[in-house]
Amino acid sequence: MLLKTIIRVGNKGGSMKIKSLNEVISFNNNFKTAINLYLSLNKTEKILNYIPTKSSVHFMNEYLEAIIRKNEHATLLVGPYGKGKSHLLLVLMAILSLDRNSLNFKIINQLMKSIKNVEEVGDKTTLNIEKVWKTKRFLPVIINDTKGDLNQAFLIAISDALKRNKLDSLVPNTYYSEAVRRIDEWEKNYKDTFIMFEKSIKKKGYNVKSMRGNLKNYEKEALDVFKEIYPTITAGSSFNPLTVSEVLPLYKSVSEKLVEDYGYSGIYIVFDEFSKFIEGLDGTHAGHTMKLLQDICELASESANSQIYITMVAHKSIKEYGKYLSSDIINAFTGIEGRIQEKFFITSSKNNYELIRNAIVKNNDIICNIKDINRFFSEENVKKYYQLPIFKTNFNKEEFINIVLKGCYPLNPIAVYLLLNISEKVAQNERTLFTFISNNEPFSLARYVSEHDTKHGWIIGADLIYDYFSGLFKKEVSNELVHNIWLGAEYAISKCTNNDEKKIIKTLALINIVNKGEELSATEKFLSLGASL
């Protein structure tokens, strides 16, 4: 049984002096974690919106020192969803790749001022940013679309990077550009073939103009159609203009030309969403794909005057994918493990609470108008929550009040603790710690605040977190503990007769999923506090 006895606790809320939490609470949208590195690259507001923490600055400094020392050319950055890995790399790419001019130096200077204040690592990191800024810049290459084969993804990425930096003369041919070239050639020199081509693509819903346009925009569906009909109009030959072996010399050649002729230090590749790529990998092509990654890592490690770096971003170590991936894929990946340096993006507990505090923006001038707010911030209430080992271990009393109790309001401290741990357990790209806080969607904190009225309590408990992540609990079939707790909770909820009972069940389910009894146990007292009853 998930819960033998339902704990019934009366709601202590009251009427309010102000109409809506919207008057008090807003959200720092800088904390939305769905940062697309390709779209956000070198955007000033994204750079300046970076909130440095001790952990993230430490990792930034490691990457900067690798550039200065010219080592650790191939790395795997591992960390849970929603911890800021992409934003960290976005800022790093800005430091490495922005034009070395006075306008951009002002941006970097503002960034350094915010980093300098971070205890222990701020000063050293600031000095390393200055050192790297004085060197020649890198060309950032972002791998963000691996729906086709990986070879193609690398070719498209380098092509996009060169065009983005107005280096069109170095742009290599790709499947897409080669397909357009073939169409042009047929139209000019092979009229019969061109007529057959027109008829074939018409059956697929294309005309020549739309096919050309879609290929120029790197639309995979158009390329798939082109490749499908290609044999029917060329006597059975397959469309395969580029091979894997061409990727390595191409990257090496482009890097050398960038250094020799264009004043660059080399190329920095970021393979964003590497986890999604691994999860979607076809076992039949695993060996071939991993061989390409192995070769890229070796090319980077052996680069000398024209530097090449590659960082792959994953939300967990590859060995942790055992239940998701076939043994063939795991074994194929083993071949590149020796070529890369794994870096685990682990943030301190205090850092995590500080990030939540910074994500929830409060109007302190009118927060005092909330009825019973002083009771929630009272010494008596502080004692109730501060007795938890997780808070006593990581915070002194004053820090707990400022960072957790007041800083993370309107979430109660136990709800904040559960949010942090649940996001590490089950978070995915569309559901993370900060999407819960900032995204205006069902059961998010932002939606709760926007729809809040005097019929609801003013302190948010763990039940809202359960509702937000419930869909992920349902999908966690490979994690029997999480899925079974969710099944039990849903059954118990269906038997509840009022909302307070449901809140208790949901809080209990989260505590059991977190499964850290030494930090938070499922006692009547903590269940009541966690549910804000």
Side-chain angles (χ1 to χ4, degrees), residues 13 16 18-36 49 51 80-87 315 352-363 367 370 376 404-476 482 486 489-490 493 499 502-503 505-507 509-511 513-514 530-533:
M16 307 302 149
I18 56 180
K19 293 179 181 179
S20 169
L21 263 183
N22 267 332
E23 299 176 57
V24 182
I25 306 290
S26 60
F27 299 97
N28 185 346
N29 286 327
N30 304 338
F31 284 85
K32 291 186 178 182
T33 54
I35 287 180
N36 185 306
N49 285 342
I51 307 296
Y81 277 118
K83 294 300 183 183
K85 300 185 301 298
S86 293
H87 207 160
H315 69 268
N352 292 332
Y353 287 97
E354 287 172 340
L355 284 171
I356 294 177
R357 177 189 62 182
N358 291 335
I360 303 173
V361 182
K362 288 176 277 291
N363 187 333
I367 198 170
I370 298 177
F376 181 69
V404 184
L405 188 71
K406 291 185 177 181
C408 297
Y409 174 86
L411 291 166
N412 77 50
I414 289 178
V416 179
Y417 166 81
L418 291 171
L419 172 61
L420 283 169
N421 283 272
I422 289 298
S423 68
E424 290 190 356
K425 279 260 185 177
V426 302
Q428 296 178 9
N429 199 41
E430 73 280 6
R431 283 284 189 276
T432 70
L433 167 68
F434 293 117
T435 60
F436 168 76
I437 292 173
S438 300
N439 280 12
N440 188 10
E441 55 188 335
F443 306 116
S444 69
L445 181 58
R447 175 68 63 86
Y448 177 92
V449 167
S450 69
E451 296 179 349
H452 182 83
D453 59 36
T454 56
K455 295 178 182 177
H456 300 104
W458 286 88
I459 310 301
I460 297 172
D463 57 295
L464 189 67
I465 297 163
Y466 176 93
D467 290 336
Y468 185 78
F469 287 100
S470 181
L472 296 186
F473 301 154
K474 182 179 180 179
K475 292 193 293 185
E476 280 286 320
V482 172
W486 172 81
E490 289 297 301
I493 289 167
N499 284 333
K502 292 178 181 179
K503 288 182 178 181
I505 294 291
K506 291 173 182 178
T507 304
L510 293 184
I511 291 174
I513 288 172
V514 170
S532 285
L533 297 175

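Numbering of residues begins at 1 and proceeds along the displayed sequence.
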What is the minimum heavy-atom distance between [X] and [Y], and which atoms define it?
{"X": "Lys425", "Y": "Val514", "answer": "CE-O, 3.8 Å"}
{"X": "Ser532", "Y": "Asn412", "answer": "OG-ND2, 2.7 Å"}
{"X": "Ile505", "Y": "Ala489", "answer": "CG2-O, 3.7 Å"}
{"X": "Lys362", "Y": "Tyr409", "answer": "NZ-O, 3.1 Å"}
{"X": "Ala446", "Y": "Ser438", "answer": "CB-O, 3.6 Å"}
{"X": "Thr432", "Y": "Thr435", "answer": "N-OG1, 2.7 Å"}

Residues 460-467, side-chain donor-acceptor partners within the protein, below 3.5 Å, at least two apart:
{"unit_1": "Tyr466", "atom_1": "OH", "unit_2": "Glu490", "atom_2": "OE2", "d": "2.5"}
{"unit_1": "Asp467", "atom_1": "OD1", "unit_2": "Lys506", "atom_2": "NZ", "d": "2.8"}
{"unit_1": "Asp467", "atom_1": "OD2", "unit_2": "Lys506", "atom_2": "NZ", "d": "3.3"}

*asked:* Whether the side chain of Arg447 engages the backbone of Asn440 through a donor-acceptor N/O pair (distance < 3.5 Å, no angle test) should be reported.
replied: yes
*asked:* Donor-acceptor pair, distance only, cut-off 3.5 Å: does the side chain of Asn439 make one with the backbone of Glu441?
replied: no
*May I have the step-by-step check of side chain to side chain contact (heavy atoms under 4.5 Å, CB included) for Glu424 and Asn352, ending in yes or no?*
CA-CA 11 Å; Glu424 290 190 356; Asn352 292 332; 4.2 Å; yes
From [X] [atom1] over to [Y] [atom2], what is the distance, rounded to the nearest 0.5 angstrom?
{"X": "Ser423", "Y": "Leu420", "atom1": "OG", "atom2": "CG", "answer": "5.5 Å"}
{"X": "Trp486", "Y": "Ile493", "atom1": "CH2", "atom2": "CD1", "answer": "9.5 Å"}
{"X": "Ile511", "Y": "Ile414", "atom1": "CD1", "atom2": "CD1", "answer": "6.5 Å"}
{"X": "Glu451", "Y": "Ser444", "atom1": "CD", "atom2": "OG", "answer": "8.5 Å"}
{"X": "Leu411", "Y": "Leu419", "atom1": "CG", "atom2": "CG", "answer": "6.5 Å"}
{"X": "Leu510", "Y": "Tyr417", "atom1": "CG", "atom2": "OH", "answer": "11.0 Å"}

*Run through Phe473, Tyr448, Phe443, Phe436 and flag the one making a ring-ring contact (aromatic ring centres under 6.0 Å, His included) with Tyr468.*
Phe436
*asked:* Working note: Phe376 + Leu405, criterion side chain to side chain contact (heavy atoms under 4.5 Å, CB included); need CA distance, chi angles, decisive distance, verdict.
replied: CA-CA 9 Å; Phe376 181 69; Leu405 188 71; 3.8 Å; yes
*asked:* Within a 6.0 Å radius of atom NZ on Lys406, are there more than 12 heavy atoms belonging to other residues, nucleotides or ligands?
replied: no
*Evaluate the side chain to side chain contact (heavy atoms under 4.5 Å, CB included) criterion for residues Leu433 and Leu355: first the C-alpha distance (whole Å), next the side-chain angles of each, then the deciding distance (0.1 Å), finally the verdict.*
CA-CA 10 Å; Leu433 167 68; Leu355 284 171; 5.8 Å; no
